[in-house]
Amino acid sequence: MDRWQYLIVLGACLAITLPLETFRPGVYRQVRRAARAVLPVAAVFVIWDEIAIGLGIWTYNPAYVTGVNVPFHMPIEEVLFFLVIPLCALLTYNAVSGILRRVTRK
């Protein structure tokens with residue numbers, strides 16, 4: 001069970017923030033816009049992590065990752081982290097913006 005914890009947390013983040021999409025059309029309905037916001041930053045952090053792993057500065061406890069790595073040494077969970085967490089942040093920001101807009105109109 002331990003080796004699935006990282007993925008479970010990422011899945012929980014997505015599940016918890018998914019209903020926020022109903023407050024304002026946004027993140028999942030504007031895939032290109034979300035990709036333009038998330039992918040460039042994720043790419044920078046993936047490269048950064050790969051360099052740190054390669055230099056022995058950063059590592060992952062194998063007890064908490066599935067063992068599936070993307071080239072070169074990064075666990076797939078870390079790549080997903082750089083996609084999931086920004087998406088959840090975008091969902092939250094979008095929902096709060098939508099709610100504030102509704103409240104300030106009244």
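Hydrogens, waters and symmetry mates are skipped; everything else that's a heavy atom, side chains included, is used.
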L14-L39 co-clustered via ILVMFWY side chain contacts under 4.5 Å: yes

Approximate separation, where rounding is to 0.5 Å, of N61 CG and Q5 CD: 10.0 Å

CD on Q30 to CG on L90, rounded to 0.5 Å: 10.5 Å

Joint cluster assignment, V31 & L18, ILVMFWY side-chain distance < 4.5 Å: no

Pairwise distance CZ(F81) to CG(L83) - rounded to 0.5 angstrom: 10.5 Å

Same apolar cluster: Y64 and V79, side chain cutoff 4.5 Å: no

Donor on one side chain, acceptor on other, Y60 and E77, under 3.5 Å: no

Rounded distance [0.5 Å steps], CG in L20 versus OH in Y93: 14.5 Å

Non-hydrogen side-chain atoms of I85 and L10 separated by less than 4.5 Å: yes

Residue R29 excluded, over 12 heavy atoms near CZ under 6.0 Å: yes

Cluster link W58 to F82, ILVMFWY, side chain under 4.5 Å: yes

Smallest separation among heavy atoms of C88 and C13, with atom names: SG-O, 3.4 Å

Minimum heavy-atom distance between P40 and A35, given as atom pair plus value: CD-O, 3.6 Å

Minimum side-chain heavy-atom gap I76-N69 below 4.5 Å: no

V46 side chain near V70 side chain, heavy-atom distance below 4.5 Å: no

Heavy-atom side-chain contact between P75 and T66 under 4.5 Å: no

Aromatic plane relationship, W48 with F45 - under 30° parallel, 30 to 60° tilted, over 60° perpendicular: parallel

Audit row: V103, I99, side-chain contact (heavy atoms from CB on, under 4.5 Å) steps and yes/no: CA-CA 6 Å; V103 169; I99 291 167; 4.2 Å; yes

From CA spacing to verdict: side-chain contact (heavy atoms from CB on, under 4.5 Å), L91, E21: CA-CA 6 Å; L91 279 162; E21 184 77 1; 3.1 Å; yes

Heavy-atom closest pair, residues E50 and H73: OE1-N, 3.3 Å

Over all atoms of both residues, closest heavy-atom pair of V27 and N94: N-ND2, 3.8 Å

Hphob cluster co-occupancy, I53 + L55, side-chain heavy atoms under 4.5 angstrom: no

